[in-house]
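One structure below.
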2 protein chains.
Amino acid sequence: MSSKKLIGVDLGGTTIKFAILTENGEVQQKWAFRTNILDDGQHIVPSIVESINHHIDLYKMSRDQFVGIGIGTPGTVNLHKGTVTGAFNLNWKTSQPIIEQLETGTGLKAAVDNDANVAALGERWKGAGNNGNEVVFVTLGTGVGGGVISNGQLVHGINGAGGEIGHMIVQPGGYLCTCGNHGCLEQYAAATGVVHLATDAAEQYAGDSKLKAMIDDGQEITSKIVFDLAEKEDDFLANEVVDKVAHYLGLACANISNILNPEFVVIGGGVSAAGKFLLDRVNTSFQEYAFATVRDSTSLKLAELGNDAGVIGAASLAQRFE
Amino acid sequence: MSSKKLIGVDLGGTTIKFAILTENGEVQQKWAFRTNILDDGQHIVPSIVESINHHIDLYKMSRDQFVGIGIGTPGTVNLHKGTVTGAFNLNWKTSQPIIEQLETGTGLKAAVDNDANVAALGERWKGAGNNGNEVVFVTLGTGVGGGVISNGQLVHGINGAGGEIGHMIVQPGGYLCTCGNHGCLEQYAAATGVVHLATDAAEQYAGDSKLKAMIDDGQEITSKIVFDLAEKEDDFLANEVVDKVAHYLGLACANISNILNPEFVVIGGGVSAAGKFLLDRVNTSFQEYAFATVRDSTSLKLAELGNDAGVIGAASLAQRFE
């Protein structure tokens with residue numbers, strides 16, 4: 001078979017993940033190493049270049065067997081220049097010419113996009129998105145990220161802020177967000193948001209609840225604890241919190257869908273580990289707020305690729321070089 | 001000059017508007033007549049065919065001088081089949097093969113989309129959208145409609161409900177909408193929504209206000225009266241109502257923009273006749289709710305084409321036949 005390969009790179013503040021894929025998106029090799037953010041992050045791209053070159057040699061492959069490299073990165077990506085700015089968790093203080101560095105260093109063509117967009121592309125291509133042309137991806141982690149695919153293309157918007165779903169306002173005047181606004185979805189559906197809601201709820205509740213007892217006792221609460229208490233111990237307060245999270249997430253998914261009518265809204269990230277228990281409640285809220293035509297045609301789904309969404313989606317960026 | 005012409009048709013429940021445009025979007029001829037919705041609307045498409053044929057003869061033109069016809073229509077459009085369903089204000093009770101009828105009747109190629117999408121295309125091409133690739137159009141009339149253009153293409157979504165901006169939920173549990181949901185933007189920013197807000201506000205207000213006096217006196221209130229009293233007479237209650245409308249509209253525009261980061265959100269329709277007075281207040285609310293990057297790159301603008309947006313945008317549908 002003369003089919004060529006794609007290389008996908010998922011650059012994060014903690015680890016850098018790599019994969020070699022067939023043109024059909026089948027992962028053939030995976031590896032990863034810890035991100036070295038020392039010295040203003042200047043070792044990052046050279047280490048990626050070196051690792052790609054090393055693995056091409058290791059697998060006894062040649063450059064003409066590859067279509068190219070795709071990479072997902074934190075920060076704001078300038079698609080035209082192939083540069084990245086504002087990637088604070090990489091310690092990058094200035095604009096990084098990431099494409100130029102990758103192409104010069106590896107001798108392969110390279111393409112870049114931001115990490116949430118790349119994860120959206122991954123879930124769309126090989127995950128819950130069923131390779132459809134109308135897919136929205138929402139990822140619930142330490143923050144809430146997102147990617148929007150419409151007419152088969154990522155929506156970047158005029159300044160790259162397309163897909164900033166975590167900063168949709170779901171509660172005007174609500175919790176203060178790190179972005180400076182009040183009431184962003186991120187403050188109600190990311191891991192810290194769930195804990196914030198739990199702490200506030202505990203303060204106003206006098207009844208019987210293990211969650212309340214833990215909080216009052218000063219124990220450290222995580223979103224996982226809240227979901228587990230709700231699902232497995234039917235804790236009243238924990239269920240109240242899950243209902244609130246589901247309300248805000250369902251409202252956001254409905255409003256996204258009332259604007260875009262995607263085929264799927266795919267929910268991923270750490271908080272979504274609560275799985276069907278969370279999805280069912282989000283769906284109840286979604287059904288309440290979605291326009292009738294949207295309710296009948298847009299579905300909420302759990303993400304399917306887990307941590308592989310990034311490398312797979314990144315690799316798909318290289319398809320443009322086919 | 002051998003430049004060809006486009007024909008645009010804006011089919012509405014009251015009138016049918018026509019225009020002949022150059023390929024550059026310059027309107028050269030316009031005409032209109034009242035919509036005859038009798039007999040299940042069966043006269044509508046034949047009357048359009050006849051009028052187009054008549055005007056081609058009238059202007060002593062030949063069919064090969066035209067690229068084709070574009071038409072905007074109420075209802076749900078099936079783009080692949082070229083059919084229209086659910087256009088209740090046209091009395092159409094069954095699916096209408098509008099493209100087939102137009103093409104057979106005129107001998108010209110024809111394309112169709114819904115009226116809000118077509119108006120969005122018009123404002124994007126020759127109006128406030130500055131021919132950009134990232135433009136959202138919101139029209140405030142008896143209802144609130146919308147059209148979304150991203151990556152240069154209309155967003156239809158999986159079932160044609162893309163752009164249903166009027167049914168974004170801006171107040172969960174709020175006013176009951178004709179769609180069956182509660183708290184849709186339409187109930188706060190369309191003409192009837194403004195009046196609803198005014199009536200409710202008057203009930204809860206005991207101070208001095210001409211608006212309250214009119215409502216208590218049983219006089220008929222319109223959105224224009226509310227805006228005029230706020231702007232020209234600095235009526236306290238009317239200003240409260242305008243602030244509420246602006247809050248909801250700014251919130252919706254911000255959430256749309258946090259998802260799509262368009263270059264422009266263009267606000268048109270009858271309610272937007274309040275112009276800069278309304279826009280300034282909407283902008284204040286938009287600035288409060290927009291994500292920082294969005295605030296810096298997305299602008300709200302008033303529509304510029306008025307009633308011509310429909311025929312111009314419809315004509316642009318025919319550009320695909322060039």
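Values below: all heavy atoms of this structure, side chains included; hydrogens, waters and symmetry mates excluded. Nothing here was measured: the structure is a model prediction, and the numbers come from that model. In the text below, chain A, chain B and the rest are named by the order of the sequence lines, each starting its count at 1.
Looking at B:L251, the atoms closer than 4.5 Å to chain A (heavy atoms on both sides) all sit in the side chain, from C-beta outward. Looking at B:L154, only its backbone comes within 4.5 Å of chain A, counting heavy atoms on both sides. Of the two parts of B:V155, the backbone and the side chain both hold a non-hydrogen atom closer than 4.5 Å to a non-hydrogen atom of chain A. At a 4.5 Å heavy-atom cutoff, the contact between B:P262 and chain A is made by backbone atoms alone. Heavy-atom distances place the backbone of B:A290, and not its side chain, under 4.5 Å from chain A.
For A:F321, the side-chain contact (heavy atoms from CB on, under 4.5 Å) partners at least two apart in sequence or on another chain are A:V67, A:K109, A:A111, A:A318.
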Donor-acceptor pairs under 3.5 Å, chain A to chain B, main chain and side chains both?
{"unit_1": "A:N151", "atom_1": "ND2", "unit_2": "B:L154", "atom_2": "O", "d": "2.9"}
{"unit_1": "A:L154", "atom_1": "O", "unit_2": "B:N151", "atom_2": "ND2", "d": "2.9"}
{"unit_1": "A:I158", "atom_1": "N", "unit_2": "B:N261", "atom_2": "O", "d": "2.7"}
{"unit_1": "A:N159", "atom_1": "N", "unit_2": "B:N261", "atom_2": "OD1", "d": "2.9"}
{"unit_1": "A:G160", "atom_1": "N", "unit_2": "B:N261", "atom_2": "OD1", "d": "3.4"}
{"unit_1": "A:A161", "atom_1": "N", "unit_2": "B:N261", "atom_2": "OD1", "d": "3.0"}
{"unit_1": "A:G163", "atom_1": "N", "unit_2": "B:I259", "atom_2": "O", "d": "2.6"}
{"unit_1": "A:E164", "atom_1": "N", "unit_2": "B:N258", "atom_2": "O", "d": "3.1"}
{"unit_1": "A:H167", "atom_1": "O", "unit_2": "B:N258", "atom_2": "ND2", "d": "2.9"}
{"unit_1": "A:I169", "atom_1": "N", "unit_2": "B:N255", "atom_2": "OD1", "d": "2.7"}
{"unit_1": "A:I169", "atom_1": "O", "unit_2": "B:N255", "atom_2": "ND2", "d": "3.0"}
{"unit_1": "A:N181", "atom_1": "OD1", "unit_2": "B:R295", "atom_2": "NH2", "d": "3.0"}
{"unit_1": "A:N181", "atom_1": "ND2", "unit_2": "B:A290", "atom_2": "O", "d": "2.8"}
{"unit_1": "A:N255", "atom_1": "OD1", "unit_2": "B:I169", "atom_2": "N", "d": "2.7"}
{"unit_1": "A:N255", "atom_1": "ND2", "unit_2": "B:I169", "atom_2": "O", "d": "3.0"}
{"unit_1": "A:N258", "atom_1": "O", "unit_2": "B:E164", "atom_2": "N", "d": "3.1"}
{"unit_1": "A:N258", "atom_1": "ND2", "unit_2": "B:H167", "atom_2": "O", "d": "2.9"}
{"unit_1": "A:I259", "atom_1": "O", "unit_2": "B:G163", "atom_2": "N", "d": "2.6"}
{"unit_1": "A:N261", "atom_1": "O", "unit_2": "B:I158", "atom_2": "N", "d": "2.7"}
{"unit_1": "A:N261", "atom_1": "OD1", "unit_2": "B:N159", "atom_2": "N", "d": "2.8"}
{"unit_1": "A:N261", "atom_1": "OD1", "unit_2": "B:G160", "atom_2": "N", "d": "3.4"}
{"unit_1": "A:N261", "atom_1": "OD1", "unit_2": "B:A161", "atom_2": "N", "d": "3.0"}
{"unit_1": "A:A290", "atom_1": "O", "unit_2": "B:N181", "atom_2": "ND2", "d": "2.8"}
{"unit_1": "A:R295", "atom_1": "NH2", "unit_2": "B:N181", "atom_2": "OD1", "d": "3.0"}

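Counting heavy-atom pairs closer than 4.5 Å to chain A, the top-ranked of the candidates B:G162, B:A292, B:C177 is B:G162. Chosen from A:V294, A:L260, A:I165, the residue pairing most often with chain B at heavy-atom distances under 4.5 Å is A:L260. Of all the listed residues (B:G132, B:P172, B:G160), the one sharing the greatest number of non-hydrogen pairs under 4.5 Å with chain A is B:P172.
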